[in-house]
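A short write-up of the structure that comes next.
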Amino acid sequence: MRLPGEVRNRIYEYALGGYTINICYETYRTTYMNDQPVKEEPVFKYHCIVFDKPTNPYLENRMGKVGISYSFTLLNSVCRQLYLETAILPYKLNTIAFGSHNIMMNFLLFERRLSRQQRSAITKLVLPDNLPASNILDYLPKLEKFYLGFDRDNNWKGWYRVIREDGQKPRIVHNNRWG
């Protein structure tokens, strides 16, 4: 904590940024023994899969291997000062992906799992199945771009930019390049 703020911020960016955090919802978990399913039990909870670089989790079979982790260690539980300095950084510095449009709606709107500051920090989003509605664009004021995964024929749909102009509703424009 004795380092200058600029140095601490660079360390935070290196430690917490440059990932894709895929938020999923698990309903049932199957336990296996010797590659045979033994037991299926209800779970009903969110979990995340963290990819070690900004990527589209729905195209991994086409894009090559990336490192995967099933947890994301935050610095915000160490002390109050680290919480204040890092609470929004995982959402600002990473691509946030959801397992489905419905999971995103439940996580962000109905259950309000993120604070207003965390939600407002999201700049990049990946969804597999539906375009975000205009109310989500209002609810995520710093969202700059999002990736729409697959369509019904298993074809990727691509990146979209969010255009925000004063006095007008945000609008979505298709961007043909990745990233």
Side-chain angles (χ1 to χ4, degrees), residues 6 9-25 46-69 72 74 76 85-179:
E6 298 83 25
N9 287 337
R10 296 289 300 255
I11 293 169
Y12 300 153
E13 288 176 14
Y14 179 75
L16 298 174
Y19 301 99
T20 296
I21 302 171
N22 189 11
I23 299 169
C24 304
Y25 191 77
Y46 290 100
H47 71 281
C48 72
I49 301 169
V50 181
F51 297 88
D52 68 356
K53 64 181 179 180
T55 189
N56 176 359
Y58 310 109
L59 288 179
E60 282 317 301
N61 58 345
R62 298 180 194 176
M63 294 181 61
K65 300 290 184 196
V66 295
I68 296 175
S69 171
F72 190 71
L74 300 176
N76 60 13
E85 292 179 2
T86 65
I88 67 166
L89 294 181
Y91 308 98
K92 179 181 180 182
L93 300 174
N94 296 302
T95 301
I96 306 298
F98 287 96
S100 72
H101 187 270
N102 289 341
I103 291 172
M104 177 191 68
M105 295 295 287
N106 287 334
F107 190 86
L108 294 177
L109 284 177
F110 304 126
E111 297 178 17
R112 298 180 187 243
R113 296 279 180 146
L114 301 179
S115 71
R116 181 175 50 83
Q117 292 85 5
Q118 290 168 327
R119 187 188 71 235
S120 295
I122 295 173
T123 59
K124 292 178 280 224
L125 188 65
V126 176
L127 294 171
D129 49 6
N130 287 323
L131 290 170
S134 62
N135 61 337
I136 288 291
L137 297 178
D138 291 337
Y139 202 65
L140 301 172
K142 297 230 169 91
L143 183 65
E144 298 169 355
K145 61 183 180 178
F146 64 91
Y147 185 86
L148 188 59
F150 293 106
D151 62 13
R152 286 187 173 87
D153 297 325
N154 239 9
N155 297 317
W156 64 278
K157 292 187 178 181
W159 281 102
Y160 292 80
R161 290 182 300 128
V162 178
I163 307 296
R164 299 177 190 278
E165 295 172 347
D166 289 336
Q168 300 201 5
K169 286 277 197 195
R171 59 188 172 92
I172 299 170
V173 177
H174 188 264
N175 189 9
N176 291 327
R177 344 184 299 257
W178 167 259

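Note that the structure is a prediction, hence the values are computed from the model and not measured. All values below were derived from every heavy atom in this structure, side-chain atoms included, with hydrogens, water molecules and symmetry-related copies excluded.
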Please answer whether the main-chain N or O of [Y] pairs with a side-chain N or O of [X] as donor and acceptor at a distance below 3.5 Å.
{"X": "Asn94", "Y": "Gly18", "value": "yes"}
{"X": "Arg119", "Y": "Leu108", "value": "no"}
{"X": "Ser100", "Y": "Ile103", "value": "yes"}

How long is the straight-line distance from [atom2] of [Y] back to [atom1] of [X], given to the nearest 0.5 Å?
{"X": "Leu16", "Y": "Ile11", "atom1": "CG", "atom2": "CD1", "value": "11.0 Å"}
{"X": "Leu137", "Y": "Arg171", "atom1": "CG", "atom2": "CZ", "value": "12.0 Å"}
{"X": "Thr123", "Y": "Leu140", "atom1": "OG1", "atom2": "CG", "value": "10.5 Å"}
{"X": "Leu125", "Y": "Lys145", "atom1": "CG", "atom2": "NZ", "value": "12.0 Å"}
{"X": "Asn102", "Y": "Met104", "atom1": "CG", "atom2": "CE", "value": "9.0 Å"}
{"X": "Thr95", "Y": "Tyr19", "atom1": "OG1", "atom2": "OH", "value": "13.0 Å"}

*Look at atom NZ of Lys92 and say whether more than 12 heavy atoms of other residues, nucleotides or ligands are closer to it than 6.0 Å.*
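Count not over threshold, so no.
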
Considering non-hydrogen atoms only, spot the tightest contact between [X] and [Y] and give its length.
{"X": "Asn130", "Y": "Leu127", "result": "O-CD1, 3.3 Å"}
{"X": "Asp129", "Y": "His101", "result": "OD1-N, 2.9 Å"}
{"X": "Arg164", "Y": "Lys142", "result": "NH2-N, 4.3 Å"}
{"X": "Pro132", "Y": "Ile172", "result": "O-CD1, 3.8 Å"}
{"X": "Met105", "Y": "Asn135", "result": "CE-ND2, 4.4 Å"}
{"X": "Leu89", "Y": "Glu85", "result": "CD1-O, 3.7 Å"}

*Checking side-chain contact (heavy atoms from CB on, under 4.5 Å) for the pair Tyr91/Ile21: CA distance, chi angles, key distance, verdict?*
CA-CA 9 Å; Tyr91 308 98; Ile21 302 171; over 6 Å; no

*Let me see the working for Tyr46 and Asn106 under side-chain contact (heavy atoms from CB on, under 4.5 Å), right down to the final yes or no.*
CA-CA 11 Å; Tyr46 290 100; Asn106 287 334; 3.5 Å; yes

_Geometric class of the Trp159/Tyr147 ring pair [parallel <30°, tilted 30-60°, perpendicular >60°]_ =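 Perpendicular, since the angle between the ring planes exceeds 60°.
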
